Amino acid sequence: MKKFLSIALAAAMTASLAACGSSSGTSTEAAKESSEQTEAAEESEASEASADGEFVIGGSGPLTGGAAIYGIAVKNGGQIAVDEINAAGGINGHQIKWVFEDDEHDAEKALNAYNTLKDEGLQMMVGTVTSGPCLSVVQETADDNMFQITPSGTTADITVNPNVFRMCFSDPAQGAKSAQYIGEHELATKVGVIYDSSDPYSQGIYESFDAEASNYGIEIVAAEAFTADSKTDFKTQIQKMKDAGAELVFLPFYYTEAALVLQQSKELNYSPIFFGCDGMDGILNLDNFDKSLAEGLMLLTPFSADAEDELTVNFVNTYKDKYGETPIQFAADAYDCVYAIKYAAEKANITPDMSISDICDAMEPAMGEIEFDGLTGESIKFDENGEPDKAPKAVVIKDGAYVLAD
């Protein structure tokens with residue numbers, strides 16, 4: 001790989017030196033020749049990456065830091081899907097190489113991780129895991145015409161480019177679906193909301209929930225914000241929920257802050273129904289967290305590790321055997337992403353020796369033609385905007401475990 005880059009650089013330097021003493025026309029020809037040689041080197045690099053006949057698929061996510069539970073789950077869930085597909089003969093007879101980089105839930109580091117993945121020969125991307133980093137990467141994949149499917153990036157703008165798809169619900173969809181679920185299941189009519197106004201994920205879910213709530217007979221009696229600079233003391237917001245008589249408190253943010261809300265609510269002797277979205281998933285895996293605080297907590301999620309269908313049972317058992325813990329929704333999202341790639345790649349008859357751009361051009365229409373049963377829903381399909389079409393579900397925490405809600 002480095003050999004081809006060295007050749008390209010040497011050729012570019014030769015062309016540049018020759019141009020120094022020539023006319024502008026000659027300089028233009030030299031620049032053109034240099035550009036063509038660089039493109040040829042990039043093609044050779046891609047060919048070298050797939051010379052052994054493997055597809056290189058992977059992504060990035062937080063493997064360290066406060067959101068590491070999510071990234072580790074995506075990495076592990078994707079690996080299980082890759083292992084299964086490889087054992088069954090691969091994609092169009094070709095094995096998959098799974099690569100994954102840590103982006104620490106940081107937008108700039110996500111760009112560095114993406115460049116590292118490209119150096120590793122990445123051809124199709126599963127990621128990134130969280131919304132902010134994903135937003136920083138999507139324009140890069142669009143410029144490269146690299147196929148991308150995020151398992152869990154929920155910000156609406158992520159899928160504006162035709163090369164990007166999503167397995168989870170977007171922020172607007174999560175907010176609207178949460179209102180729908182709460183209303184249709186008559187969980188409460190007086191609802192309070194605590195949200196992170198500094199986080200696009202939380203802000204987006206809150207706005208769509210607020211817009212949809214009245215359609216399902218929900219009155220938002222209190223809505224209180226916090227920011228990244230004030231996310232350790234929630235007693236003021238909780239007291240306002242209590243004073244307003246909120247029967248249910250909607251928490252559209254991540255489990256680390258939610259754990260503090262639950263703890264501080266107990267201290268204030270306030271025990272409404274608490275309801276979260278996919279960012280809540282993982283709270284039971286939080287170090288030193290008293291699981292009894294989460295008893296009765298509900299969250300919108302398309303996956304429950306307690307489901308009894310054969311696909312889920314096999315996945316959960318494999319995950320426990322391999323990683324020693326129960327998988328969360330993010331692992332299931334990644335698993336389904338890899339299978340979506342498999343089905344679309346087979347539909348389009350893609351092979352590893354194709355260029356990244358040609359792979360993407362073939363994958364885009366193929367994604368609109370597939371439909372499959374996955375861990376996160378039955379008859380999963382994708383619309384013209386790259387969004388998934390599947391029914392919402394919710395789980396409730398009982399006795400320290402997720403159980404499908406009625």
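Values in this document were obtained by computation on a predicted structure and should not be read as measured data.
Residues I91 and I85 have side chains in contact (heavy-atom distance under 4.5 Å, counting atoms from C-beta outward). Under the 4.5 Å side-chain criterion, counting only non-hydrogen atoms from C-beta, L286 is in contact with Y255.
D157 contributes atom CG, which lies 11.5 Å from atom CD of Q139 (distance to the nearest 0.5 angstrom).
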Practice item. Please report the C-alpha distance between E84 and Y335 in whole Å, then the side-chain angles of each, then the deciding distance to 0.1 Å, and finally whether the side chain to side chain donor-acceptor pair (under 3.5 Å) criterion is met. Key: CA-CA 10 Å; E84 289 180 359; Y335 180 93; 2.5 Å; yes
Point to revise | Audit row: S152, D333, side chain to side chain donor-acceptor pair (under 3.5 Å) steps and yes/no | key: CA-CA 7 Å; S152 45; D333 283 330; 5.4 Å; no
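Paired with S131 under the rule side-chain hydrogen bond (donor to acceptor under 3.5 Å, both in side chains), one option of D171, T155, T150 passes, and it is T155. When each of T376, D373, D336 is checked for a side-chain hydrogen bond (donor to acceptor under 3.5 Å, both in side chains) with K390, only T376 meets the rule.
A ring-centre distance under 6.0 Å is not found for F226 and Y195. Checked against the 6.0 Å centroid criterion, the rings of Y339 and F372 do not qualify as a close aromatic pair. For Y254 and Y201, the ring centers are positioned less than 6.0 Å apart.
The environment of NZ in K381 is sparse: at most 12 heavy-atom neighbours from other residues, nucleotides or ligands sit within 6.0 Å. Counting non-hydrogen atoms of neighbouring residues, nucleotides and ligands closer than 6.0 angstrom, the CD atom of E378 reaches no more than 12 such neighbours. A 6.0 Å sphere centred on CD of E108 holds no more than 12 heavy atoms belonging to other residues, nucleotides or ligands. Counting heavy atoms of neighbouring residues, nucleotides and ligands inside a 6.0 Å radius, atom NZ of K75 does not exceed 12 of them.
Listed by first then second residue, pairs satisfying side chain to side chain donor-acceptor pair (under 3.5 Å) with a partner in residues 313-322 read N76-Y319, not counting sequence neighbours. For residues 193-216, there are no salt bridge (charged side-chain N to carboxylate O under 4.0 Å, His left out) pairs, not counting sequence neighbours.
Checking T141 against N163 by side-chain atom types alone, a donor-acceptor pair falls below 3.5 Å. For the residue pair T301 and Q329, a side-chain donor N or O sits within less than 3.5 Å of a side-chain acceptor on the partner.
By the 4.0 Å N-to-carboxylate-O rule, D399 lies too far from K291 to be salt-bridged with it. E54 has no carboxylate O lying under 4.0 Å from a charged side-chain N of K97, or vice versa, which leaves the two without a salt bridge.
Residues meeting the ring pair (Phe, Tyr, Trp, His ring centres under 6.0 Å) test with F330, sequence neighbours left out: Y70.
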